[in-house]
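Here the structure comes first, spelled out in C-alpha coordinates, and everything after it is commentary.
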Amino acid sequence: MSSLAFFARHSEELAIFKGVQGDAAVKLPPTFVSIWSHDGRRLANVQDAGVLVCDIEADPGDMKVRVMDGSSSLCRNMAWSEKSTWLLAHRPADKDKEKAAAEDNHLMVWDPSTGSLKLSMRHPRVQRASWPVLKWTSDEAMVVYSTADGHVQLFDGALSSTTPLATLPVAHVTCLEWAPMVGGLYRLAVFSAEGHNDDLSVS
(Lines give C-alpha, C1' and ligand atoms only; values in the text may rest on other atoms or scores of the structure.)
Protein backbone atom coordinates (compact mmCIF):
# COMPACT_ATOMS: atom_id res chain seq x y z
CA MET A 1 0.00 0.00 0.00
CA SER A 2 1.21 3.49 -0.77
CA SER A 3 0.24 4.99 2.60
CA LEU A 4 -0.61 3.97 6.12
CA ALA A 5 -4.24 2.99 6.58
CA PHE A 6 -5.99 2.93 9.94
CA PHE A 7 -9.45 3.36 11.40
CA ALA A 8 -11.00 5.22 14.32
CA ARG A 9 -14.17 3.82 15.82
CA HIS A 10 -16.59 5.56 18.15
CA SER A 11 -20.28 5.50 18.97
CA GLU A 12 -21.40 7.49 15.91
CA GLU A 13 -19.27 6.15 13.06
CA LEU A 14 -16.26 4.23 11.81
CA ALA A 15 -13.78 6.49 10.04
CA ILE A 16 -11.15 4.93 7.76
CA PHE A 17 -8.04 7.02 7.06
CA LYS A 18 -5.41 6.55 4.34
CA GLY A 19 -2.39 8.47 5.57
CA VAL A 20 -1.79 10.47 8.71
CA GLN A 21 -2.97 13.77 7.26
CA GLY A 22 -6.32 14.93 5.98
CA ASP A 23 -9.92 13.89 6.52
CA ALA A 24 -11.20 10.33 6.67
CA ALA A 25 -11.34 8.62 3.28
CA VAL A 26 -14.52 6.76 4.19
CA LYS A 27 -17.05 7.04 6.98
CA LEU A 28 -19.32 4.14 7.83
CA PRO A 29 -22.08 3.55 10.40
CA PRO A 30 -21.02 2.41 13.88
CA THR A 31 -19.42 -1.04 14.09
CA PHE A 32 -19.45 -3.71 16.78
CA VAL A 33 -16.23 -5.45 15.67
CA SER A 34 -13.52 -4.53 13.14
CA ILE A 35 -10.56 -6.64 12.02
CA TRP A 36 -7.84 -6.08 9.40
CA SER A 37 -6.90 -8.76 6.89
CA HIS A 38 -3.34 -10.06 7.28
CA ASP A 39 -2.25 -8.33 4.06
CA GLY A 40 -3.72 -5.00 5.21
CA ARG A 41 -5.83 -4.64 2.06
CA ARG A 42 -9.25 -5.19 3.60
CA LEU A 43 -11.11 -4.30 6.76
CA ALA A 44 -13.98 -6.51 7.95
CA ASN A 45 -16.65 -4.93 10.13
CA VAL A 46 -19.77 -6.10 11.92
CA GLN A 47 -22.56 -3.54 11.64
CA ASP A 48 -26.34 -3.47 11.80
CA ALA A 49 -26.39 -4.50 8.12
CA GLY A 50 -24.23 -7.57 8.82
CA VAL A 51 -20.57 -8.27 8.06
CA LEU A 52 -19.12 -5.66 5.68
CA VAL A 53 -15.71 -5.78 4.00
CA CYS A 54 -13.98 -2.61 2.78
CA ASP A 55 -11.32 -2.74 0.05
CA ILE A 56 -8.78 -0.32 1.48
CA GLU A 57 -6.47 -0.22 -1.56
CA ALA A 58 -9.12 1.39 -3.75
CA ASP A 59 -9.11 5.17 -4.23
CA PRO A 60 -11.10 6.84 -1.46
CA GLY A 61 -13.93 7.78 -3.78
CA ASP A 62 -14.05 4.28 -5.24
CA MET A 63 -13.57 2.27 -2.06
CA LYS A 64 -15.78 -0.80 -2.34
CA VAL A 65 -17.86 -1.96 0.60
CA ARG A 66 -19.46 -5.40 0.36
CA VAL A 67 -22.00 -7.06 2.62
CA MET A 68 -21.23 -10.75 3.08
CA ASP A 69 -24.07 -13.03 2.02
CA GLY A 70 -26.13 -14.38 4.91
CA SER A 71 -24.19 -12.41 7.51
CA SER A 72 -25.69 -10.93 10.65
CA SER A 73 -25.13 -8.11 13.09
CA LEU A 74 -24.99 -10.82 15.76
CA CYS A 75 -21.52 -11.96 14.62
CA ARG A 76 -18.87 -11.15 17.20
CA ASN A 77 -16.05 -13.54 16.33
CA MET A 78 -14.18 -13.03 13.05
CA ALA A 79 -10.85 -14.20 11.62
CA TRP A 80 -8.98 -14.13 8.29
CA SER A 81 -7.20 -17.01 6.60
CA GLU A 82 -3.41 -16.71 6.51
CA LYS A 83 -3.24 -15.18 3.01
CA SER A 84 -6.47 -13.21 3.52
CA THR A 85 -8.29 -15.28 0.90
CA TRP A 86 -11.16 -16.18 3.24
CA LEU A 87 -13.07 -14.46 6.03
CA LEU A 88 -14.45 -16.55 8.88
CA ALA A 89 -17.17 -15.59 11.36
CA HIS A 90 -19.46 -17.29 13.83
CA ARG A 91 -23.15 -16.42 13.82
CA PRO A 92 -24.80 -17.22 17.17
CA ALA A 93 -28.53 -17.55 17.61
CA ASP A 94 -30.60 -14.46 18.31
CA LYS A 95 -31.93 -14.43 21.87
CA ASP A 96 -35.28 -13.46 20.37
CA LYS A 97 -36.60 -16.85 19.21
CA GLU A 98 -38.99 -15.13 16.80
CA LYS A 99 -35.95 -13.93 14.83
CA ALA A 100 -34.46 -17.40 14.42
CA ALA A 101 -32.71 -18.01 11.08
CA ALA A 102 -31.32 -21.06 9.29
CA GLU A 103 -27.79 -19.68 9.68
CA ASP A 104 -27.99 -19.37 13.48
CA ASN A 105 -25.24 -21.18 15.41
CA HIS A 106 -23.17 -21.60 12.25
CA LEU A 107 -19.59 -21.00 11.20
CA MET A 108 -19.58 -19.02 7.97
CA VAL A 109 -16.71 -18.57 5.50
CA TRP A 110 -16.91 -15.95 2.73
CA ASP A 111 -14.91 -14.97 -0.30
CA PRO A 112 -14.34 -11.30 0.67
CA SER A 113 -13.67 -10.27 -2.95
CA THR A 114 -17.26 -11.11 -3.93
CA GLY A 115 -19.16 -11.47 -0.66
CA SER A 116 -20.29 -14.97 -1.61
CA LEU A 117 -20.75 -17.56 1.12
CA LYS A 118 -18.29 -20.42 0.58
CA LEU A 119 -19.07 -22.58 3.59
CA SER A 120 -21.63 -22.74 6.36
CA MET A 121 -21.68 -25.43 9.01
CA ARG A 122 -23.30 -25.78 12.38
CA HIS A 123 -21.15 -24.94 15.40
CA PRO A 124 -23.35 -24.18 18.43
CA ARG A 125 -20.83 -22.51 20.68
CA VAL A 126 -17.50 -20.71 20.47
CA GLN A 127 -15.06 -20.40 23.36
CA ARG A 128 -12.85 -17.31 23.31
CA ALA A 129 -9.72 -19.34 24.11
CA SER A 130 -10.24 -21.69 21.15
CA TRP A 131 -11.12 -19.08 18.49
CA PRO A 132 -10.64 -19.32 15.57
CA VAL A 133 -11.82 -22.92 15.31
CA LEU A 134 -10.82 -22.99 11.63
CA LYS A 135 -7.10 -22.41 11.03
CA TRP A 136 -5.33 -22.44 7.66
CA THR A 137 -1.73 -23.40 7.01
CA SER A 138 0.55 -20.54 5.97
CA ASP A 139 0.14 -21.47 2.29
CA GLU A 140 -3.61 -22.10 2.74
CA ALA A 141 -3.23 -25.60 1.30
CA MET A 142 -5.06 -27.10 4.27
CA VAL A 143 -7.36 -25.94 7.02
CA VAL A 144 -7.94 -27.64 10.35
CA TYR A 145 -11.27 -27.53 12.15
CA SER A 146 -11.80 -27.98 15.87
CA THR A 147 -15.35 -29.29 16.06
CA ALA A 148 -17.85 -28.28 18.73
CA ASP A 149 -17.47 -31.70 20.38
CA GLY A 150 -13.68 -31.39 20.59
CA HIS A 151 -12.50 -33.42 17.59
CA VAL A 152 -10.12 -32.38 14.79
CA GLN A 153 -10.83 -32.54 11.07
CA LEU A 154 -8.64 -31.62 8.11
CA PHE A 155 -10.04 -30.03 4.94
CA ASP A 156 -8.74 -28.83 1.61
CA GLY A 157 -7.69 -25.23 2.20
CA ALA A 158 -9.77 -24.06 -0.77
CA LEU A 159 -12.86 -25.56 0.91
CA SER A 160 -13.77 -27.34 -2.30
CA SER A 161 -15.60 -30.01 -0.31
CA THR A 162 -17.38 -30.23 3.03
CA THR A 163 -16.10 -33.80 3.40
CA PRO A 164 -12.98 -33.83 5.60
CA LEU A 165 -9.75 -35.21 4.19
CA ALA A 166 -9.09 -36.84 7.54
CA THR A 167 -10.22 -36.90 11.15
CA LEU A 168 -7.26 -36.88 13.52
CA PRO A 169 -7.14 -39.40 16.39
CA VAL A 170 -7.50 -36.86 19.18
CA ALA A 171 -10.41 -35.72 21.31
CA HIS A 172 -11.42 -33.02 23.80
CA VAL A 173 -9.38 -30.43 21.91
CA THR A 174 -9.39 -26.87 23.25
CA CYS A 175 -6.86 -25.19 20.94
CA LEU A 176 -4.95 -25.80 17.70
CA GLU A 177 -1.87 -24.14 16.22
CA TRP A 178 0.06 -24.76 12.99
CA ALA A 179 3.85 -24.59 13.11
CA PRO A 180 5.93 -23.25 10.17
CA MET A 181 6.22 -25.90 7.46
CA VAL A 182 9.59 -27.72 7.45
CA GLY A 183 10.66 -30.40 4.99
CA GLY A 184 7.29 -30.60 3.28
CA LEU A 185 5.48 -31.47 6.52
CA TYR A 186 2.75 -29.52 8.24
CA ARG A 187 3.07 -29.72 12.00
CA LEU A 188 0.03 -29.16 14.17
CA ALA A 189 0.05 -28.59 17.92
CA VAL A 190 -3.10 -29.91 19.56
CA PHE A 191 -4.00 -28.89 23.11
CA SER A 192 -6.44 -31.06 25.02
CA ALA A 193 -8.68 -30.17 27.95
CA GLU A 194 -7.50 -33.39 29.60
CA GLY A 195 -3.88 -32.27 29.48
CA HIS A 196 -2.83 -34.70 26.73
CA ASN A 197 -1.09 -32.39 24.28
CA ASP A 198 0.14 -33.72 20.96
CA ASP A 199 2.45 -32.60 18.16
CA LEU A 200 1.17 -34.18 14.95
CA SER A 201 2.81 -34.28 11.51
CA VAL A 202 0.55 -34.10 8.46
CA SER A 203 1.85 -34.75 4.95
Side-chain angles (χ1 to χ4, degrees), residues 1 5 33-44 51 53 55-57 68-71 75-92 105-203:
M1 300 179 65
V33 182
S34 298
I35 181 171
W36 287 105
S37 61
H38 295 299
D39 60 11
R41 296 179 178 180
R42 293 188 170 109
L43 179 67
V51 177
V53 172
D55 287 345
I56 303 301
E57 281 200 326
M68 302 295 102
D69 293 346
S71 62
C75 294
R76 289 296 181 273
N77 295 288
M78 292 195 296
W80 291 89
S81 63
E82 291 302 305
K83 297 173 70 174
S84 305
T85 305
W86 308 106
L87 175 64
L88 166 69
H90 181 254
R91 173 174 173 160
N105 291 319
H106 273 61
L107 289 172
M108 309 180 81
V109 179
W110 295 279
D111 178 350
S113 63
T114 63
S116 61
L117 182 63
K118 179 68 175 180
L119 176 68
S120 178
M121 57 186 178
R122 185 169 176 77
H123 193 98
R125 63 186 181 276
V126 168
Q127 302 294 332
R128 183 181 296 272
S130 61
W131 182 259
V133 294
L134 279 174
K135 288 189 177 181
W136 280 261
T137 54
S138 58
D139 60 0
E140 293 190 0
M142 288 193 296
V143 60
V144 64
Y145 171 43
S146 176
T147 67
D149 57 0
H151 292 83
V152 178
Q153 295 177 334
L154 285 172
F155 292 86
D156 174 5
L159 301 174
S160 56
S161 172
T162 56
T163 301
L165 299 173
T167 298
L168 303 185
V170 291
H172 308 294
V173 172
T174 57
C175 187
L176 302 166
E177 194 66 44
W178 289 105
M181 188 172 64
V182 177
L185 288 178
Y186 300 94
R187 298 182 65 85
L188 178 66
V190 179
F191 302 92
S192 168
E194 296 182 344
H196 303 297
N197 301 331
D198 297 294
D199 184 5
L200 303 176
S201 295
V202 182
S203 59

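Numbers here simply count residues along the sequence, with the first being 1.
With hydrogens and angles disregarded, no donor-acceptor distance shorter than 3.5 Å links the side chain of S146 to the backbone of V133. A donor-acceptor pair under 3.5 Å is formed between the side chain of E140 and the backbone N or O of K83. Side-chain atoms of H151 do not come within 3.5 Å of backbone N or O of T167 as any donor-acceptor pair. Side-chain atoms of T137 come within 3.5 Å of backbone N or O of M142 as a donor-acceptor pair. With S84 contributing its side chain and S37 its backbone, the two residues share no donor-acceptor pair below 3.5 Å.
Annotation for K118 and L159: closest pair CE-O, 3.2 Å, computed over non-hydrogen atoms. Considering all non-hydrogen atoms of both residues, D156 and V143 come closest at O-CG1, 3.8 Å. Residue A44 comes nearest to W80 through the heavy atom pair CB-CZ2, 3.7 Å, listed as atom of the first residue, atom of the second, then distance. Between S120 and H106, the shortest heavy-atom contact is OG-CD2, 3.1 Å. Scanning both residues, L176 and K135, for their nearest heavy atoms gives O-NZ, 2.6 Å. Annotation for I35 and A79: closest pair CD1-CA, 4.2 Å, computed over non-hydrogen atoms.
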Q | Derivation and outcome, side chain to side chain contact (heavy atoms under 4.5 Å, CB included), residues V144 and V190 | A | CA-CA 11 Å; V144 64; V190 179; over 6 Å; no
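Atom-to-atom distance recorded for Y145:OH and T162:OG1 is 12.0 Å, nearest 0.5 angstrom. Distance check, rounded to the nearest 0.5 Å: CH2 of W136 to OG1 of T85 gives 9.0 Å. Atom CG of L117 is separated from atom CE of M108 by 4.5 Å, given to the nearest 0.5 angstrom.
Using bins of under 30°, 30° to 60° and over 60° for the plane-to-plane angle, the ring pair Y186/W178 lands in the perpendicular bin.
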